[in-house]
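A short write-up of the structure that comes next.
For clarity, every value in this text was computed on a predicted model and none was experimentally measured. Lettering of chains follows the sequences in order, A, B, ..., and the numbering in each one begins at 1.
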Amino acid sequence: MSEKTILKFSDETAAIAKKIVARYPEGRHKSALIPLLHLAQAEFDGWLSVPAMDCVAEFLSIQPIEAYEVASFYSMFNLKPVGKCTLEVCRTSSCWLNGAEDIVRHLEKKLGIKEGQTTADGMFTLKTVECLGSCGTAPMLQCGGDYYENLTLEKTDKLVDSLRAEGKARVYTNDNPVNID
Amino acid sequence: MGKKILLANDHIEGIRFLDTYRKHGGYASLEKALKSMTPEQIVEEVKTSGLRGRGGAGFPTGMKWSFLAKPEGVPRYVVCNADESEPGTFKDRYLMERIPHLLIEGMILSSYALGAKTSYIYIRGEYFYVARILEQAIDEAYAAGLLGKNILNSGFDLDLHVQIGAGAYICGEETALLESLEGKRGNPRIKPPFPAIAGLYGCPTVVNNVETIAAVVPIVNEGGAAYAAIGVGNSKGTKLISASGHINKPGVYEIELGVPVEEFIYSDEYCGGIRNGKKLKAVVAGGSSVPILPTELILNTAAGEPRLMSYESLGDGGFATGTMLGSGGFIVMDEDTSIVKNLYTFARFYHHESCGQCSPCREGTGWMEKILHKILHGHGTLADVDLLWDIQSKIEGKTICPLGEAAAWPVAAAIRHFRKEFEDFIRNGEHVNDVKHYYRLNNLTAPIN
Ligand SMILES: Cc1cc2nc3c(=O)[nH]c(=O)nc-3n(C[C@H](O)[C@H](O)[C@H](O)COP(=O)(O)O)c2cc1C
Ligand code: SF4
Ligand code: FES
């Protein structure tokens, strides 16, 4: 990029961000950094480019480096582009004991990519992650805001197919009510 | 049937919502406290209850509360630790998802008791939908005058907020959590000062686990003495256990502390026995950080006493023959489980999660993962087992926070109790388990390919 790209929150996101900043005492607005990086990631294509992080830093009147150093610490922040749906398969003990490795291998075969890669059509990124607090319903994966639990190879196939048909993962924004069970 | 206190109403339809929660006795504790109790009286009840922190360390909650500094004119904070990232643990998620108001009521009570006017629930980022459930419940509570200004006309004001993390186990460590809540990297702080003196924004702060805070509700309602009457020895009350692995009925169970481990594993009230009629091989009883124990030592202590689900009994024998209750993440492994492979997933986890501030932890976790990887891929030597032992022994006590130890203990225990399996693995390799899982997931009975 020769010219500096400048990104700005949409009015809607900026309004949510303002509400978040109001949760902290006077002068402690930096506390909003992680929630705002999440907002930025959701708004700017699922990853945090430098302009996306700059947008957050600007919003909070902090130095850009403060946003970069935080973004690079936490595993949920993507510092590179990802697919429309990121399949994050838990690879820790209980999931592993219940066949998580098979799910990963199966997805690799089905999507024609290796763990860590994105499909050529930009639809899926496959990742393995650490325990997601779903060990009693292992094996499991997370995609967007949703947990998919008690996976079998068949269920995994169905999930991939339905996500492909849907064209995107479901994410929960701060104003979107959750309906479970 | 054991007594249930926290999850007594978890199956009632709609218990997630304020109306139903109140219909079943919800917010009665809060009304009682605000109408008839001083903050000091609540702290006293919590002390009497013998409640110990449910996040892993088991520190007496009443004592922690009484350490909170109260300088004039300085705000105090109550922060709920809902980071829940210890592998094998999913009880807080269950509680928050099912009965969010129980946590909220506990937060209001704790904040009143400790004099906090703003409190935060710090929840791991992956639980975003749970955070939304909490926020919806908080909105309900504000609308009903249970949060905000002049709660239930008592003159007590409280604002409660949910803060989401972004994927970092280390942010469960309380000082890392506070750093994260301040918008920084989750690097644990050097202690002292402890959060009770200088915590969030440098102000006195109490950090407690979700389950600990929820337990304050029944303690206030029924009195500390009633809570202390449940349990065994210094393990008072009930504990949520996250049961997973090769059992018939994985899930979250509320137990009265003191239930025999054997009953917990085999009774239909709890885990329902080992899946597919297999034999038990080992258990990690309190989340990934605690020492793994083989069948004979998890069912009975080295002295031959039945092992109980309590802080003391699980700890009996120290690390030589015992373990810890920890977070209550109870991972059960059947006879076909490879201890080496399971340990590798733990080692990889701790390496991934080390914040990197201390060399013994940063480098040690990396080496342990590498060596286990090497063994797993058939390139191990018998000397590697000793090397693993050597590395783990050089971490404990040499780091800023306990993650280093949490990484070392599982390695030490696996070698202590299953050394022969490591040696066999190195000599013969072992690939059986993958194949079996593939059959199970495909519902196949015959090999394919
Ligand atoms: C690496 C590490 C991770 C931790 N993770 C959690 C956690 O996810 N949840 C939790 O409640 N406590 C966790 N703890 C314990 C906290 O530091 C702290 O002791 C606890 O929140 C205190 O609350 P309690 O006394 O109610 O248990 C962790 C500790 C360490 C060292
Ligand atoms: S022990 Fe590990 S996680 Fe804890 S502060 Fe040191 S490097 Fe970080
Ligand atoms: S081990 Fe996979 S969710 Fe806990």
**Message:** Are there over 12 heavy-atom neighbours, none belonging to A/Glu108, within less than 6.0 Å of that residue's CD?
**Reply:**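 Yes, the 6.0 Å shell around CD holds more than 12 heavy atoms from other groups.
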**Message:** Is it true that, when you exclude A/Asp11 itself, more than 12 heavy atoms of the residues, nucleotides or ligands shown sit nearer than 6.0 Å to its CG?
**Reply:** no
**Request:** Assess whether side-chain contact (heavy atoms from CB on, under 4.5 Å) is satisfied between A/Glu66 and B/Arg185, documenting all intermediate values.
**Result:** CA-CA 9 Å; A/Glu66 297 179 76; B/Arg185 295 164 76 93; over 6 Å; no
**Prompt:** Among A/Ser31, A/Gly136, A/Cys131, which has the most heavy-atom pairs under 4.5 Å with chain B?
**Reply:**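 Looking at each option in turn, the highest pair count goes to A/Ser31.
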**Request:** Identify which of A/Val70, A/Leu60, A/Val129 forms the greatest number of heavy-atom pairs closer than 4.5 Å to chain B.
**Result:** A/Val70
Could you check whether any side-chain heavy atom of [X] comes within less than 4.5 Å of a side-chain heavy atom of [Y], counting everything from C-beta outward?
X	Y	result
B/Tyr127	A/Ser134	no
B/Arg124	A/Met76	no
B/Tyr120	A/Tyr24	yes
B/Glu182	A/Ile34	no
B/Lys184	A/Lys30	yes
B/His246	A/Asn98	yes
B/Tyr169	A/Glu130	no

**Item:** Ring geometry between B/Phe128 and A/His38 (parallel below 30°, tilted from 30 to 60°, perpendicular above 60°)
**Value:** tilted
Over all heavy atoms of both residues, which pair between [X] and [Y] is shortest? Give the atoms and the distance, please.
X	Y	answer
B/Thr337	A/Trp96	CG2-CZ3, 4.5 Å
B/Ala168	A/Tyr74	CB-CD2, 3.8 Å
B/Ile331	A/Ser93	CG2-OG, 3.9 Å

Measuring heavy-atom distances to chain A, does [X] have an atom under 4.5 Å in its side chain, in its backbone, in both, or in neither?
X	value
B/Phe349	both
B/Ile170	side chain
B/Arg93	side chain
B/Val332	backbone
B/Arg348	both
B/Ser288	neither
B/Tyr77	side chain
B/Asp159	neither
B/Ser242	neither

**Prompt:** Which of the residues B/Cys171, B/Pro75, B/Gly186 is involved in the greatest number of heavy-atom pairs with chain A at under 4.5 angstrom?
**Reply:**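 Ranked by heavy-atom pairs under 4.5 Å with chain A, first place is B/Gly186.
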**Message:** Below 4.5 Å, heavy-atom pairs only: which of B/Asp92, B/Ile164, B/Thr89 has the largest tally toward chain A?
**Reply:** B/Ile164
**Message:** Suppose we call two aromatic rings close when their centres sit under 6.0 Å apart. Are B/Tyr129 and A/Tyr147 close by that rule?
**Reply:** yes
**Prompt:** Which answer fits A/Glu69, side chain, backbone, both or neither, if we ask what part of it has an atom under 4.5 Å from a heavy atom of chain B?
**Reply:** both
**Message:** Rounded to the nearest 0.5 Å, what separates atom CZ in A/Phe73 from atom SG in B/Cys355?
**Reply:** 5.5 Å
**Straight-line distance of A/Leu97 CG to B/Ser244 OG, nearest 0.5 Å** =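 Between A/Leu97 CG and B/Ser244 OG, I get 7.5 Å after rounding to 0.5 Å.
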**Request:** Assess whether salt bridge (charged side-chain N to carboxylate O under 4.0 Å, His left out) is satisfied between B/Glu135 and A/Arg23, documenting all intermediate values.
**Result:** CA-CA 13 Å; B/Glu135 281 177 345; A/Arg23 294 173 183 167; 3.3 Å; yes
